[in-house]
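The structure appears right after this line, and notes come after that.
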Amino acid sequence: MTKSVPAILLSSAEEVLETMFFTQVVGKRPLVQDADRQPSEKPYLAVRLCFLGGLDSSGNSPSRRPGGQLDVEVSREGAQWIASSFLAADDGAVPQHRVADVICELTNVVCGNVMSKIASEWGFSMLSPEVIRGPSSEWPYEIRYEESFQLERGWLTLRLGLASA
Amino acid sequence: MSYRVLVVDDSAAMRGFVRRVLDLSGFDVGDVFEARDGLEALAILDENPIDVVLTDINMPRMNGEELMLHLRDDIDLQDVPVLVLSADSSEARVGRMLAAGARGYLPKPLSPERLREELDRVMGASS
């Protein structure tokens, strides 16, 4: 791994959003603590994907390395734009459940892209992404990276947690 | 010659996206079939002549690796080329899928250009 984790989060967000979701990252966005968020700054949708580290000798039961999780938070405008671009639908015409499906796919691809850069040699196993209902206060990981990006429409935040080895 | 393609992914949104990327790639695609997991894929393969399979890995009931192992053991289907499309492009995972019989491995994010290159390579080698 030659890049820092924050640089990997940025490059993965740019690569994934541009290639598959036809959406540009236009810049970094200042992070806002949960308690300080205005209503307009609260995410419209939050998705969590947990991953396990390392493939064991049989391949399917990751156990050798610690895992972690990736949370993706996105604004209403960002979520609707990303979903309509991915599905080639009119902006705003995608129903909420399909918007959530698309943001889950985005989370899956970003997580795979990030972890392939961080943990390529030992491998990892991703579980299914899930929409977070209610406040996402649980954060059991010691190592945490967080980056927020302004998109051509709306914003998106990535929060990566890694258990220490 | 138009190629019959089977897309295997548990996400309807992703299957639709792969169809779109196939269109954009300029590859000579005929009928496109869709399956939600390996079991559905095997049922479609039993009933239809398929030229190439594009499969995800993580799926319920039968995942992509299990699907490839079934194909490898089936004398009628073992020559059908399989390309893996996956978000996980770690060396460990790619190595496992190629060892299971995948002819190619395309990491997501997936672009029309990369898909076309890989399909040309795999189908060129098959014909």
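Not measured: the values here are computed from a predicted model. Chain letters run A, B, ... following the sequence lines, proteins first and then strands; every chain starts at 1.
- Chain A forms the most heavy-atom pairs under 4.5 Å with one residue out of B:Val94, B:Val21, B:Leu110, B:Asp88, and that residue is B:Asp88.
- Using a 4.5 Å heavy-atom threshold, the side chains of B:Ile50 and B:Phe33 count as touching.
- Not one N or O on the side chain of A:Arg48 forms a donor-acceptor pair closer than 3.5 Å with the backbone of A:Pro129.
- Annotation: side chain of A:Leu9 is in contact with side chain of A:Tyr145 (closest heavy-atom distance under 4.5 Å).
- With a 4.5 angstrom heavy-atom cutoff, A:Ala88 touches chain B via backbone and side-chain atoms both.
- Heavy atoms closer than 4.5 Å to chain B are found in both the backbone and the side chain of A:Glu15.
- Interface residue B:Asn58: only side-chain heavy atoms are found under 4.5 Å from chain A.
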Legend entry - From CA spacing to verdict: side chain to side chain contact (heavy atoms under 4.5 Å, CB included), B:Gln78, B:His70: CA-CA 8 Å; B:Gln78 61 191 198; B:His70 272 77; over 6 Å; no
